[in-house]
Amino acid sequence: GAVVSQHPSWVICKSGTSVKIECRSLDFQATTMFWYRQFPKQSLMLMATSNEGSKATYEQGVEKDKFLINHASLTLSTLTVTSAHPEDSSFYICSAETGSYNEQFFGPGTRLTVL
Amino acid sequence: SQKIEQNSEALNIQEGKTATLTCNYTNYSPAYLQWYRQDPGRGPVFLLLIRENEKEKRKERLKVTFDTTLKQSLFHITASQPADSATYLCALDRGSTLGRLYFGRGTQLTVWP
């Protein structure tokens, strides 16, 4: 089956610094990738839709200047959390679709802790 | 916006029994509905998808029903096993841009021996 990886799996950073999270589709090309955030005991909340070669589409309430998304190739999308604050601490998960909209393949997630 | 409710936060059942999880939604009817499994600290894993014109779909011990009149989907695990213990999420398409999903909070299923 389709495999999506994320790196790093966890990261701890100081407040005010930037953190980059990578999402890769390992055995397929993903024209579209999605970035979600999940707080404990909460549902996955879609942050943005990332299309290869174009600007990401952000959901209402998500600051595009704070959460920078780059989808440089058909197998890689990155999310950079800029000037991180403790309230940005969360579980960040990416997903990719294969072209048909039937299912999404999710990465294992990245646990971000901002001190 | 779409509101999704999954019947309970937690469901505990005995091994061998059938687990039934509920997903209710408001507002528009989605073109399709999906169920995912999520283990602690991991990303969701796709289980089943059912389209609006389908009433039921099965995959091994899993069965999903979709009632667009009631705006409800039921997810069944028959002959449950302790390994089925996880959080199960339902997700609906957003109706506008393909692939954008609304997720419910999930139901944490525990199957005890």
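As the structure is a prediction and not an experimental result, all values here were calculated from the model. Naming: A, B, ... by sequence-line order, numbering from 1 per chain.
B:Tyr36 OH to A:Ser95 OG: the interatomic distance, rounded to the nearest 0.5 Å, is 7.0 Å. The OH atom of B:Tyr102 sits 8.5 Å away from atom CE of A:Met45, with the distance rounded to the nearest 0.5 Å. For the atom pair CD (B:Gln38) and CD (A:Gln38), the distance works out to 4.0 Å, reported to the nearest 0.5 Å.
Within a 6.0 Å radius of CD in B:Glu60, no more than 12 heavy atoms belonging to other residues, nucleotides or ligands are found. Enclosure of atom NE2 in A:His7 is not indicated, since only 12 or fewer non-hydrogen atoms of other residues, nucleotides or ligands lie within 6.0 angstrom.
Between chain A and the residues B:Ala91, B:Gly104, B:Gly106, the largest count of heavy-atom pairs under 4.5 Å involves B:Gly104. Ranked by heavy-atom pairs under 4.5 Å with chain B, the first of A:Ile93, A:Thr57, A:Leu44 is A:Leu44.
A:Trp35 and A:Val4 are assigned to two separate hydrophobic clusters, defined by single-linkage of ILVMFWY side chains at heavy-atom distances under 4.5 Å. Both A:Ile21 and A:Phe67 are part of a single hydrophobic cluster, where members link through side-chain heavy atoms under 4.5 Å apart. When the side chains of ILVMFWY residues are joined at heavy-atom separations under 4.5 Å, either directly or via intervening members, B:Ile4 and A:Met47 end up in two distinct hydrophobic clusters. Linking ILVMFWY side-chain heavy atoms closer than 4.5 Å, directly or via other members, places B:Phe46 and A:Phe34 in a single hydrophobic cluster. Cluster annotation: B:Leu62 is connected to B:Val111 through the hydrophobic network of ILVMFWY side chains, with a link wherever side-chain heavy atoms come within less than 4.5 Å.
Here the side chains of A:Leu46 and B:Leu101 are not in contact, with every heavy-atom distance at 4.5 Å or above. Side-chain contact check for B:Arg105 versus A:Lys41: every heavy-atom pair is 4.5 Å or farther apart.
In this structure, the portion of B:Gln108 lying under 4.5 Å from any heavy atom of chain A is its side chain and not its backbone.
Checking each of A:Phe105, A:Tyr36, A:Phe106 against B:Pro44 for a side-chain contact (heavy atoms from CB on, under 4.5 Å) leaves exactly one that passes, namely A:Phe106.
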